[in-house]
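Everything on this sheet refers to the single structure shown next.
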Amino acid sequence: MKALLQNQVVRAITETLEIVNNTGQLSIGTIPSPIVEQPKRPEWGDFSCNVAMTLASTVRQSPLKVAGVLAENLGEKFPTLFKRIDVAPPGFLNITLHPMHWLEVLETIQDEGASYGTSQIGKGKRIVLEFVSANPTGPLHVGHGRGAALGQAMATLLATAGFSVSREFYINDAGRQLQLLGQSVYARYREYWGKDSSFPDDGYHGGYIHTLAESVAHTHGETLLEGSSNEAETVCAQEASEILLHDIQEDLSTFGVSFETWFSEKTLHAKGLVQSTLDELQERELVKEEDGAWWFCSSVFGDEKDRVVKKRDGTYTYLAADMAYHRDKLARGFNTLINIWGADHHGYIPRMEATVQAFGHSKESLRIVLVQMVSLLRGTQKIEMSKRAGEFVTLREVVEEVGSDAAKFFFLMRRADTHLDFDLELAKQQSSDNPVYYVQYAHARLASLFRVAHERGVCLPTIQDVDQTLLLREEELSLIKTLAQYPFVIEGSALAFEPHRVTFYLQELAAKLHAYYNKHRVLPPVDSAGKSKDGLPDGPLETNGKVASSERASVHDSLTPALTAARLALLRYVQTVLRNGLTVLGVSSPEKM
RNA sequence: GCGCCCGUAGCUCAGUUGGAUAGAGCAUCGGCCUUCUAAGCCGGUGGCCACAGGUUCGAAUCCUGUCGGGCGCACCA
């Protein structure tokens, strides 16, 4: 299998740097790894490289001169790869390949299919990706949905880049929040039976608490009214959290998000791992006793102050369990721990970084990805949500209204750390204004084209079957160059933990496809099929974008079976890449819309 | 008060390990369907990249300060 074109260019430049270094044309010393990218303007060639400018100061020559030397050597050494190499001020190398080389991209996609875009950069690295981790004290809301979509996409993305990824949901099924849930449900339970009740001040006010109370009333009758309220609250907490966790699992599953591991906080306590974690750190003087409480000396690792892990009343803080949990993750042999958190938890980062360091791992082995809030809009009208009153729009409601695909795509349209406006009306709209339909439609449109081709007895060829020279015009090359970028988008996106880059890429690819499709006929019109005479491989290439109907007719006249075949082959690979990208995002690729 | 994030077209946002003339969608204005899905395409309008300094061949991008917005600063989670 051939190396990706861009990597061939990188290698060529690297070899050239070595040559000019060895021959003394330039005294470079350590050869840098050159950065090659597709420039934004077509007149700057297929690839551009800025290595001459970065080297200028070390070789004590002007960037232009360095670029000149490199250009000359590159051209001499790789005449079959490069058609021309320009030097542009202030020192760019603008590289144009012999166009035929671009067709290799299509062969690569043909060979790799659904694997096109995968790489091995993450090979051998094991990542545990923790996300959602919502308390089982209420239904998932929209914010959780964003975290879920992001986590799922990131897991797929990292796996695509060769990492071994395990998705994990940490269940906070111990501690104060659960206790509050029990108290809240028990209060509603008493109300249900017409008894007096004391609702906790900071309890859960959502309407779903009533439903849970009714459920408890159904299974336990009035038996919880007598006896200690403590016990009754524990029963309520237990039963309510089980129901809620079940709902959470169901919602996530419906949303298309799954986990390898559901990790229960309770099991850490049950196995004594929370205490043993503290004991271990105490022996190493990273946990100390003071004022009747136990403190984690996180300030040793740069946190602004030490943190309580065991309260004066003998109970553990959330942090203590979380430390035990992260110790466990490290003990399971993961190299990198990625946690996706709501941005309001950012203040918690230093103490978790301190935690992994306390266990002898580098700060970098923990990577926290923060997710900002989601505002739901209906058109321009903002939907107000009040956490205090327990009024928020649930993930389930959103998915029921707009569907999983649209919801996921919208959640992945923005960088994680920026606030997201989610317009429910737009997400439902079936038009090009709606980005998810726009991209999916590109896929469905091609599927439809291939169906029609099939019905008319035109087979869907592979790149090896067609006259490839028919794909060498700028129109087709532009599409092919975009396809060539895909593996680099995946790689960059994975290394930066930024799935939104894939979303943007897909919109760009879909836009190019739609434009191409609109402009160029692929199948011959029904009545003249097979009768078209040979001629120029297309009509005059209009530059102002307007296609007069007379021109269209001439386009059809010149549509030969060979050209149809070549275009079908090209579009088949466009469809493959669209599908691969959508798959990374967890969004379906419909055959029909 | 201290810390973190953010400030790019009228709106929502890409672009931030420094690169060439800063991009896209929406909105707005004007065009394109007897043909493979118009759930589509083409064109116009629109910018002191919050502000002020600094670093250098080069800054939306890095540093410092100011202003504006969000979020944190528990023996809660």
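Order of the sequence lines fixes the chain letters, A, B, ..., with proteins taken first and strands second; residue numbering starts at 1 for each chain. Predicted model, so just to flag it, every value in this text is computed and none were measured.
When the C1' atom of C73(B) is taken as reference, atom CD1 of I349(A) falls 14 Å away, rounded to whole Å. Rounding to whole angstrom units, NZ of residue K519(A) and C1' of A38(B) are separated by 18 Å. Counting to the nearest Å, the C1' atom of U56(B) and the CG atom of L55(A) are 17 Å from each other. What separates CD of E353(A) from P of C4(B) is a distance of 12 Å, to the nearest Å. Between F422(A) atom CZ and U12(B) atom P the separation is 17 Å, expressed in whole Å. Atom P of nucleotide A24(B) and atom CG of N434(A) are separated by 20 Å, given to the nearest angstrom. Atom P of nucleotide C4(B) and atom CG of D303(A) are separated by 13 Å, given to the nearest angstrom. Remark: P of G23(B) and CD of Q507(A) are 18 Å apart, rounded to the nearest angstrom.
For N135(A) and S448(A), each mapped to the nucleotide of RNA chain B holding its nearest heavy atom, the one lying further toward the 5' end belongs to S448(A). Sequence order on RNA chain B of the closest nucleotides to T315(A) and A515(A) puts A515(A) first from the 5' end.
Contact annotation for A442(A): no contact, since no heavy-atom pair falls under 4.0 Å across all strands. Looking at heavy-atom distances under 4.0 Å, V522(A) makes contact with a base. Here Y348(A) lies in heavy-atom contact (under 4.0 Å) with a base.
Spacing of P atoms, C63(B) relative to U17(B), comes out at 12 Å, to the nearest Å. Spacing between C51(B) and G7(B) at atom C1', rounded to whole Å, works out to 11 Å. Spacing between C49(B) and A24(B) at atom C1', rounded to whole Å, works out to 15 Å. As rounded to the nearest Å, C48(B) and C32(B) have C1' atoms that lie 38 Å from one another.
Between the side chain of H514(A) and the base of C41(B), no donor-acceptor pair under 3.5 Å is found. A donor N or O paired with an acceptor N or O is found under 3.5 Å between the base of G3(B) and the side-chain atoms of H346(A).
OP1 or OP2 of C41(B) sits under 4.0 Å from a side-chain N or O of Y438(A). One finds a side-chain N or O of R445(A) lying less than 4.0 angstrom from the OP1 or OP2 phosphate oxygen of A38(B).
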Could you check Y316(A) against L278(A) for side chain to side chain contact (heavy atoms under 4.5 Å, CB included), going step by step and ending with a plain yes or no? CA-CA 10 Å; Y316(A) 301 104; L278(A) 300 186; 3.7 Å; yes
Yes or no on ring-ring contact (aromatic ring centres under 6.0 Å, His included) for Y486(A) and Y505(A), after CA distance, side-chain angles and deciding distance? CA-CA 8 Å; Y486(A) 180 70; Y505(A) 171 81; 5.6 Å; yes
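Residues in residues 488-501 of chain A take part in these salt bridge (Lys or Arg N to Asp or Glu O under 4.0 Å) pairs, two or more places apart or across chains: E498(A)-R501(A).
For G53(B), the paired base is C63(B) (Watson-Crick or G-U wobble, both distances below 3.5 Å).
Between the side chains of Y318(A) and Q177(A), no donor-acceptor pair is found at a separation under 3.5 Å. One side chain, S133(A) or E130(A), offers a donor N or O that lies under 3.5 Å from an acceptor on the other.
A heavy-atom distance below 4.5 Å is not found between the side chains of P90(A) and P63(A).
The glycosidic torsion of C33(B) lies within 90° of 0, placing the base in the syn range.
Atoms CD1 and CG, on I490(A) and L495(A) in that order, are 11.0 Å from each other to the nearest 0.5 Å.
Within residues 304-313 of chain A, the residues that have a heavy atom under 4.0 Å from RNA chain B are, in order of number, E304(A), K305(A), V308(A), K311(A), R312(A).
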Show me the protein contacts with nucleotides 13-20 of chain B, counting only N or O atoms at under 3.5 Å.
from, atom 1, to, atom 2, distance (Å)
C13(B), OP1, H419(A), O, 3.0
C13(B), O2', R414(A), NH1, 3.0
A14(B), OP1, R415(A), N, 3.1
A14(B), OP1, T418(A), OG1, 3.1
G15(B), OP1, H500(A), NE2, 3.1
G15(B), OP2, R415(A), NH1, 3.4
U16(B), O4, R415(A), NH1, 2.3
G19(B), N7, N50(A), ND2, 3.1
A20(B), OP2, K40(A), NZ, 2.9
A20(B), N6, S48(A), OG, 3.2
A20(B), N6, N94(A), OD1, 3.0
A20(B), N1, N94(A), OD1, 3.0
A20(B), N1, N94(A), ND2, 3.0

